[in-house]
Amino acid sequence: MSAHDEFDLRLTDLFDELAAARTPDYLDEVRATARRSRQRPRWSFPARWLPVDVAIAPPMALGRLAWLLIVIGILGALAVAAVVGSRPRLPAPFGPAANGLVVVDDGSHIAVVEPDGSARRVLTSGTGIDTHPSFSLDGRRIAFLRRSGGIRSLVVTATDGQNPQILASPAAREGAIHQEAAAWSPDGTRLAVLVPGDPEPHDEIWIVRADGTGRSTFLPPSLLTAAGPAWAPDGKRIAFLGGRAREAGDHLYVAGLDGTGLLQLSNRASSGATGYLQLPRWSPDGTRIAVHYGDSDRLDRDILVLATDHLDEQVIAGTPLDEAEPAWSPDGKELAYVRSTAVGTRRFEVAIVDLATRETTILSPAGVLSDTLAWSPDGTRIGALHCPTDTGCELWLLDISGTREPVAVQVGTKDYSQSDDRAYWSWQRLAP
């Protein structure tokens, strides 16, 4: 037997001895530890979520890879934050917001000013007469009416006056869009305007898409006429004045955008004989609508608040004074309105009523006109028209605390024969 054969025999015996089944002394301790320990989750095994060649990489390579993945994650997060941060923050359509620009018309053109009355800039030009501006509730666009050649059209522009777009322009035989500011839907995608119907002489409401892609007619089939549109805060309903027969007078209704779900909210008829229901204004929470009722020629208007889901009426201001033009505070807790300083006079002041206590505060010195009121988005000021002379008017931005002097915004010569029946202005809402 050679030395090589002897080595092979000894190696074989050694393998047989090592292969014998033996139980290590520490097996019980290992089992006890395993029972106390949770199983590793599947994701913790690199081979399940990384390529095989990476999963079996040396520990030093895995360390470099981990740092690389962390750096990539941080850079990705910063990129997303930069994109999101570059988008303008938009305010909610109702409730308190920050004050932006104030848009006004001077009887022929549209202009904007800063909240302190400075930096007046004219946005429109040309031979047309531009009036009745209103900001979209997200503060990004301005709608106004343009009269040219006997036709009054609805125009929308950016807040800097760029890229004006005509959205609706009735045919000449239909006359023109009525002289009322367009009502923006809460989401800014549509506007409601009042137009004369065809072929019968009645009024109807157009719902116009803000992107210029079309319009629809809002007139519930059971009604002859519809006017004075006001969007509900949820954008699903419209409050309006409607009539079933012209001689019977109108009533305040609410309905879905397709005219279904018609509900009468007022028992009072709106007519020349009894008084007019005008300016329906939704509360920010959508549960109430404020209107004034009466006749401006008789100086006998009152402020009413109506429920939006059933017949329920409260008289908020019903004195012998003339009380009109209701406007909700951004938080819905107060109503501002104009009232005459004495019975039978056309000298007005601004009043604010706390709806919980019914306490009334007189806000301004007398001298404002019975015209549209508008709260600032933050609820600290109210816009009211004041005319110190017969040929010129100012927009007073009144401080509701009474501690600051009114800010006077020059709106140019206000000629009501040009600017139709009322002045109008609107505050730009910004994200707080």
Side-chain angles (χ1 to χ4, degrees), residues 105 110 124 128-136 141-157 164-186 188-232 235 237-246 249-260 262 270-271 276-282 291 372 418-424 426:
D105 77 71
I110 306 301
T124 64
I129 297 175
D130 300 331
T131 61
H132 295 76
S134 59
F135 269 109
S136 61
R141 286 174 291 180
I142 298 172
F144 60 92
L145 302 181
R146 170 170 290 169
R147 183 160 189 153
S148 178
I151 299 298
R152 189 180 295 109
S153 304
L154 173 64
V155 183
V156 169
T157 183
Q165 180 181 10
I166 296 177
L167 298 185
S169 184
R173 63 183 175 84
E174 297 175 308
I177 293 174
H178 282 297
Q179 55 233 33
E180 296 180 2
W184 284 94
S185 65
T189 62
R190 290 160 293 182
L191 301 100
V193 293
L194 180 62
V195 299
D198 182 68
E200 296 181 5
H202 66 272
D203 290 333
E204 61 190 28
I205 296 168
W206 282 358
I207 298 178
V208 183
R209 293 190 176 276
D211 60 4
T213 58
R215 61 176 173 83
S216 60
T217 298
F218 176 87
L219 180 61
S222 61
L223 298 180
L224 174 67
T225 184
W231 293 85
R237 297 181 295 166
I238 288 181
F240 63 99
L241 293 172
R244 299 181 185 274
R246 185 169 299 278
D250 296 341
H251 289 83
L252 184 65
Y253 293 92
V254 65
L257 303 187
D258 59 358
T260 60
L262 183 66
S270 179
S271 69
Y276 296 100
L277 281 167
Q278 290 183 307
L279 296 179
R281 298 288 185 261
W282 289 80
V291 297
T372 304
Q418 287 188 353
S419 193
D420 303 310
D421 64 339
R422 68 176 61 250
Y424 199 82
S426 177

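Since we're looking at a predicted model, the values are computed, not measured. We number each residue from 1, following the sequence as shown.
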* To do: Verify side-chain contact (heavy atoms from CB on, under 4.5 Å) between F144 and T157, making sure each step is shown before the conclusion.
  => CA-CA 8 Å; F144 60 92; T157 183; 3.9 Å; yes
* Asked: How far apart are the closest heavy atoms of D130 and R146, and which atoms are they?
  -> OD1-NE, 2.8 Å
* Kindly give the heavy-atom pair with the smallest separation between P186 and A232, and that separation in Å. => CG-O, 3.3 Å
* Asked: Among all residues two or more places apart in sequence or in another chain, which pass the side-chain hydrogen bond (donor to acceptor under 3.5 Å, both in side chains) test with S185?
  -> D187
* To do: State the CD1-CD1 distance between I110 and I142, to the nearest 0.5 angstrom.
  => 8.0 Å
* **S134 side chain vs S426 backbone, donor-acceptor pair below 3.5 Å** => no
* To do: Might you confirm whether atom CZ of R209 has over 12 heavy atoms from other residues, nucleotides or ligands at distances under 6.0 Å?
  => no
* To do: With sequence neighbours left out, write down each residue that passes side-chain hydrogen bond (donor to acceptor under 3.5 Å, both in side chains) with S148, or none if nothing qualifies.
  => none
* Asked: Nearest heavy-atom pair of L194 and A226: which atoms, and what distance?
  -> CD1-O, 3.2 Å
* To do: Enter the distance from L191:CG to W231:CH2 here, rounded to the nearest 0.5 Å.
  => 8.0 Å
* Asked: When rounded to the nearest 0.5 angstrom, what distance separates OG1 in T131 from CD in E180?
  -> 11.5 Å
* Calculate, to the nearest 0.5 Å, the distance between atoms NE2 and CD1 belonging to H178 and I205 respectively. => 10.5 Å
* Under 3.5 Å, is there a donor-acceptor pair between the side chain of W282 and the main chain of A230? -> yes
* To do: Determine yes or no for a side-chain-to-main-chain donor-acceptor pair under 3.5 angstrom, with S136 supplying the side chain and R141 the backbone.
  => yes
* Asked: Is the backbone N or O of G243 less than 3.5 Å from a side-chain atom of T225, with the two atoms forming a donor-acceptor pair by type?
  -> no
* Rounded to the nearest 0.5 Å, what separation is found between the CG atom of L145 and the CG atom of L154? -> 6.5 Å
* Nearest non-hydrogen partners of A143 and V156, listed with the distance -> CB-CG2, 4.0 Å
* Student check: side-chain heavy atoms of V291 and L252 closer than 4.5 Å -> yes
* To do: Kindly write out the residues that satisfy side chain to side chain contact (heavy atoms under 4.5 Å, CB included) with L262, not counting sequence neighbours, or none if the list is empty.
  => P220, S222, L223, F240, R244, Y253, A255
* Asked: What is the minimum heavy-atom distance between G188 and A210, and which atoms define it?
  -> O-CB, 3.6 Å
* To do: Report yes or no: does W206 contribute a side-chain atom to a donor-acceptor pair with the main-chain N or O of A168 at less than 3.5 Å?
  => no
* To do: Could you tell me whether a side-chain N or O of S153 sits under 3.5 Å from a main-chain N or O of I166, the two making a donor and an acceptor?
  => no
* **Audit row: L257, R190, side-chain contact (heavy atoms from CB on, under 4.5 Å) steps and yes/no** => CA-CA 11 Å; L257 303 187; R190 290 160 293 182; 3.1 Å; yes
* Are the side chain of D105 and the backbone N or O of H132 linked by a donor-acceptor pair below 3.5 Å? -> yes
* Asked: Distance from S216 atom OG to I207 atom CD1, nearest 0.5 Å?
  -> 4.5 Å
